[in-house]
Amino acid sequence: MSFDFDIVLRTLPAMLQGLVLTVEIAVWGFVVAVVLGLLVAVLGLARYRTPRWIASAWLALMRGVPLLVFMYWVYYGLPQLTGATIGSFAAAVVALGLTGSAYMGEVFRAGLLAVDPGQQEAADALGLPRSTAFWRVVLPQAARFMVAPSVNVFVGLLKGATIVSVIGVADMLYIAKKVSVQTFTPFELYTTAGLILVVITVAVALLGFVVERRLDRGRVRHA
Amino acid sequence: MREKGFAFDLGVVLAHLPEMLGAFGLSVAVAVAAMALATAAGLLVAVGATSRWRVLVALCFAHIQVFRGVALYVLIIWVYFGLAITLQVNIAPTPAGILTLALLDSAYLAEIFRTGLQKVDRGQREAGAALGLSDGAILWRVVVPQAVRSMIPAIGNQFTDVLKDTSILAVIAVPELMYTSQSLAQQTYRPFEFYTVAGVLFVIGVSVITYAVRVAERRVRRGAVRGVVAPAGVPMVTSVSGREPGEPPRMEDER
Amino acid sequence: MTANTPGDDVLVRLRGIRKAFGANVVLDGVDLDVRAGEVLVLLGPSGSGKSTLLRTVNMLTPPDAGTVEFDGEVLVPPASRWPWAYRRQSARLARHRREMGMVFQHFNVFPHMSVLRNITLALRSAQGLSKADAEAVALERLRAVSLAEKASAYPDSLSGGQKQRLAIARALALAPKLMLFDEATSALDPELVKGVLDEMRALAGSGMTMIVVTHEIQFAKEVADRVVFMEHGRIVEEGPAAQFDEPREQRTREFLRALSS
C-alpha cells in the first residue's frame with residue numbers, strides 16, 4: 001500500500017482550517033486557565049484559612065478530573081442540570097480552562113514562592129501599600145519563574161485540545177476522520193495531522209525558550 | 001422515560017455503581033500495566049540517552065522528543081486504526097491502549113529519569129570512580145539511589161497523568177470508566193450523574209496516588225537520613241527550615 | 001498607655017518583648033528605650049535574638065507578647081480576622097514603617113528596577129510624589145552615597161557595597177525618624193565594608209536615631225552612644241560604649257575576647 005499524497009494535498013486546506021480552530025480553543029482555554037489559576041494561587045497564599053481551603057479543594061478537583069470527563073460533563077452533563085445547551089466550542093474552552101487552572105495555579109504559586117522573601121520584607125519595611133508590593137515588587141520577579149512552566153501548560157492544553165472533535169468541534173482531526181471514512185486513507189491523513197501537531201508543539205516550546213532567554217537578558221540590559 | 005429533573009438522581013447511579021466501579025478497576029489496571037511497561041522502557045531510554053554512544057543518544061533523545069510532543073489522542077488513533085489498516089496488524093483495544101500509553105509515558109519517564117540522574121552531584125560519580133567501583137556499581141549503587149529520591153514526586157505526577165489519560169481510551173472502545181460512563185449516560189439519559197460520578201472516582205484515584213507519593217517521599221527521606229538509601233557521608237538536606245536557632249524565619253511570619 | 005509626655009524624648013519603647021519560633025524562645029522579655037538622636041548598638045552571639053529584636057521594632061517579626069511603641073504610638077501588627085480591619089491595620093503600620101528605614105544584611109534591593117526606580121517606588125506609590133519630584137529626591141539621595149551616575153543602571157551591575165549604599169539611600173529617601181541596620185556589612189567582601197560603614201558613620205554624626213546590629217566591634221565603640229549586649233533572648237549588659245572596654249559581666253567579656261582573637 002502506498003502513501004496517497006494526492007488526498008493529503010486535497011484535504012490539507014480544510015485540515016488547516018480545523019487546526020486554526022484547535023489553536024483558538026487552546027488559546028482561549030489558556031486565558032481562562034491563567035485568570036482562574038492566578039485567583040487560585042492568590043487564594044492559596046491567603047492569610048485566612050477559608051480561602052486557602054477553597055484553593056486546595058479546587059486544585060484537588062481540577063487536577064483529579066481528566067480533560068475528557070470535563071468536556072463530556074460540561075457539554076452533555078451541565079445542560080441536563082441547567083436546561084440550557086452549550087456550544088461545543090465553548091464547552092471545550094471551559095473544560096480546558098478548568099483543567100488548566102490547576103496547572104496554572106501551581107505555576108503561579110511556585111513562581112510567587114520562588115521570589116526571595118527578602119523582597120517582600122524590603123517592601124514592608126519601606127511601608128509600601130500591599131497592592132504595590134504585590135504588583136510592582138513580587139509579581140514582576142515571579143514572572144521570570146513562570147514563563148517556561150506556563151509554556152509547558154499551554155503546550156499541554158494544545159495537545160489536550162486535539163480531542164475536541166469527540167464533542168463535535170470540526171477541528172483538524174474531525175476533518176481527517178470525515179475524509180478518511182469517505183476515501184479510506186486514515187493513515188495518510190492522521191499521519192499528516194500528527195506531524196502538523198508535533199511541529200506546532202515543538203515550535204511553541206521553542207518560542208517559550210526564546211522568551212525566557214529574553215527576560216533573563218532584560219534584567220541586565222542597562223548593565 | 002425518566003423525568004428530566006434538575007436534581008441529582010442518586011437511584012440511577014446506585015443501580016449502576018457496580019458497573020462503574022468495575023470499569024474504574026479496569027482503568028486502574030490499565031494505568032498500572034502501562035506505568036510498569038513505561039518504567040522499564042523509560043529506564044532503558046534514559047540510560048541510553050546518558051550513554052557514550054552518540055547514535056544511541058540521538059535515538060533516545062528522538063524518542064523522548066517525539067513522544068512527548070505527540071498528543072495521546074492522535075497517537076491512539078494512529079496505533080489502533082492506522083496500524084490496523086496499513087499493516088493489517090489488529091490489536092485488541094485494551095492491549096492497544098496499554099501499549100500506546102506505555103509508549104507515550106516511557107518518553108516522559110525517560111526524561112524524568114535522565115534529569116534525575118544528571119542532577120546527582122558529579123562528585124558522587126568521581127568518588128565512586130576514585131574508590132575503584134565499576135561503572136555498573138557506580139550507576140546502581142551510588143547514583144540511582146540518590147536520584148530516586150528526587151524523582152519520586154515527578155513519577156507520582158506521571159502516574160496520576162496516566163490514570164487520567166486512560167479516559168481517552170474510550171475513543172477506541174476500551175471498556176474503562178469513561179467508556180462505561182458514556183454508554184450508561186446514553187442508556188439512561190442521565191449524563192450529568194454519570195460524568196459526575198466518573199469525575200469523582202478519578203479525583204479519588206488521583207488523591208490516593210498523591211497521598212501515597214507523599215508518604216513514599218517521607219519514607220525515603222527518612223531512610224536516607226539513616227543511611228539506608230544513600231551512601232554514608234552524603235550531605236543531605238534533611239530539614240527545609242534548617243536555619244540557625246534564633247534566626248528569624250523569613251516566610252512564616254509574613255504570610 | 002501613651003507616654004508621649006512633653007519633654008519625653010523616647011522614640012522607641014519596647015516592653016516585655018517575647019518571641020518564640022516553635023519551642024525555640026528567641027526573645028525572653030526584653031525592655032528597651034531608645035531616645036531620639038541616640039545611636040544604639042546591639043551586640044551578641046549569633047542566636048542571641050538581636051536581629052529578631054531589631055525586626056520587632058518595625059513588626060517584620062511581630063512579638064508574641066509585649067508592646068512596641070514608636071513615636072508615642074503603640075504598633076499593632078495586622079492580625080484581624082476581617083479583611084477590612086486587616087487593611088486598615090496594615091495601612092496604619094505601613095505609615096509607621098515609612099518613618100523607620102531598614103537596611104538588611106542581604107540588601108534586598110529590587111533587582112528588576114533601575115537604581116533610580118528602587119528609590120522612587122515608595123516615594124511615588126506610598127507618599128504620592130509626582131514623578132519629577134520623586135526623581136529629584138532620589139537623585140539627591142544617590143548623590144549623597146556617590147551613586148548618582150548609576151541611576152539608570154540595574155542592581156545586577158552593582159557591587160555588594162554599592163547595593164548596600166543604594167539600600168541606605170532608598171531608606172533615607174523617605175526621611176525616616178529612625179534607621180534600623182540588620183548586620184548591614186555581614187554579607188560584604190572585606191574591602192567593601194568600609195564604604196558602607198562610612199555612610200553609617202556619617203549618618204550617626206548627622207544626629208539620626210539608629211539601632212544597629214553588627215559584629216564590627218571597633219565601629220560599634222566608635223559610633224555608639226549606648227551598647228546593649230544580648231544572650232539567650234535577654235539583655236545581659238548595657239551601657240555607654242566605653243563601658244565595653246571593661247565589661248562588668250563575665251559573658252560579655254568572653255564574647256568580646258572571642259571576637260577580637
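Below, read A as the first sequence line, B as the second, and so on, with proteins coming before strands; counting in each chain starts at 1.
Neither the backbone nor the side chain of A/S180 comes within contact range of chain B; no heavy atoms are under 4.5 Å apart. Heavy-atom distances place the side chain of B/I77, and not its backbone, under 4.5 Å from chain A. In this structure, the portion of A/L173 lying under 4.5 Å from any heavy atom of chain B is its side chain and not its backbone. For a residue to count as touching a neighbouring chain, one of its non-hydrogen atoms must lie under 4.5 Å from one of that chain's; by this rule B/V203 touches chain A with backbone and side chain alike. There is no contact between B/Q65 and chain A, counting heavy-atom distances below 4.5 Å. For B/D161, the part sitting under 4.5 Å from any heavy atom of chain A is the side chain, from C-beta outward, and nothing else. Both the backbone and the side chain of B/V70 have a heavy atom closer than 4.5 Å to some heavy atom of chain A. Of the two parts of B/T160, neither the backbone nor the side chain holds a non-hydrogen atom closer than 4.5 Å to a non-hydrogen atom of chain A.
Side chains of B/M178 and A/V69 form a contact here, defined as non-hydrogen atoms less than 4.5 Å apart.
Counting heavy atoms of neighbouring residues, nucleotides and ligands inside a 6.0 Å radius, atom CZ of A/R136 does not exceed 12 of them. Counted within 6.0 Å of CZ on B/R114, heavy atoms from surrounding residues, nucleotides or ligands total more than 12; the atom is thus considered enclosed. Summarising the local packing, OH of B/Y179 is surrounded by 12 or fewer heavy atoms from other residues, nucleotides or ligands at distances under 6.0 Å. Within 6.0 Å of atom OH in A/Y174, 12 or fewer heavy atoms from other residues, nucleotides or ligands are found, so the atom counts as exposed in its surroundings. Counting non-hydrogen atoms of neighbouring residues, nucleotides and ligands closer than 6.0 angstrom, the OH atom of B/Y211 reaches no more than 12 such neighbours.
With chain B as the partner, the residue from A/L78, A/V65, A/I163 showing the most heavy-atom pairs under 4.5 Å is A/I163. Chain B forms the most heavy-atom pairs under 4.5 Å with one residue out of A/L195, A/T191, A/I200, and that residue is A/T191.
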Inset, instruction - With side chain to side chain contact (heavy atoms under 4.5 Å, CB included) as the test, would you mind laying out the steps for B/F192 and A/L81 before giving the verdict? - result: CA-CA 7 Å; B/F192 181 73; A/L81 194 71; 3.8 Å; yes

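Closest of all the heavy-atom pairs between B/K164 and A/Y103 is NZ-OH, 3.3 Å. Heavy atoms only, all atoms of each residue included: A/G64 and B/F202 are closest at O-CB, 3.3 Å.
Of the inter-residue distances, the one linking B/T196 atom OG1 with A/Q80 atom CD reads 8.5 Å to the nearest 0.5 angstrom. Note: B/I168 CD1 to A/L67 CG = 7.0 Å, rounded to the nearest 0.5 Å.
No side-chain donor-acceptor contact under 3.5 Å links A/K159 to the backbone of B/Y73.
By the ring-ring contact (aromatic ring centres under 6.0 Å, His included) test, B/Y80 is found to be paired with no residue, residues two or more places apart in sequence or in another chain being considered.
Here the rule is ring-ring contact (aromatic ring centres under 6.0 Å, His included) with B/Y195, and of A/W73, A/Y75, A/F70, A/Y72 only A/Y72 fits it.
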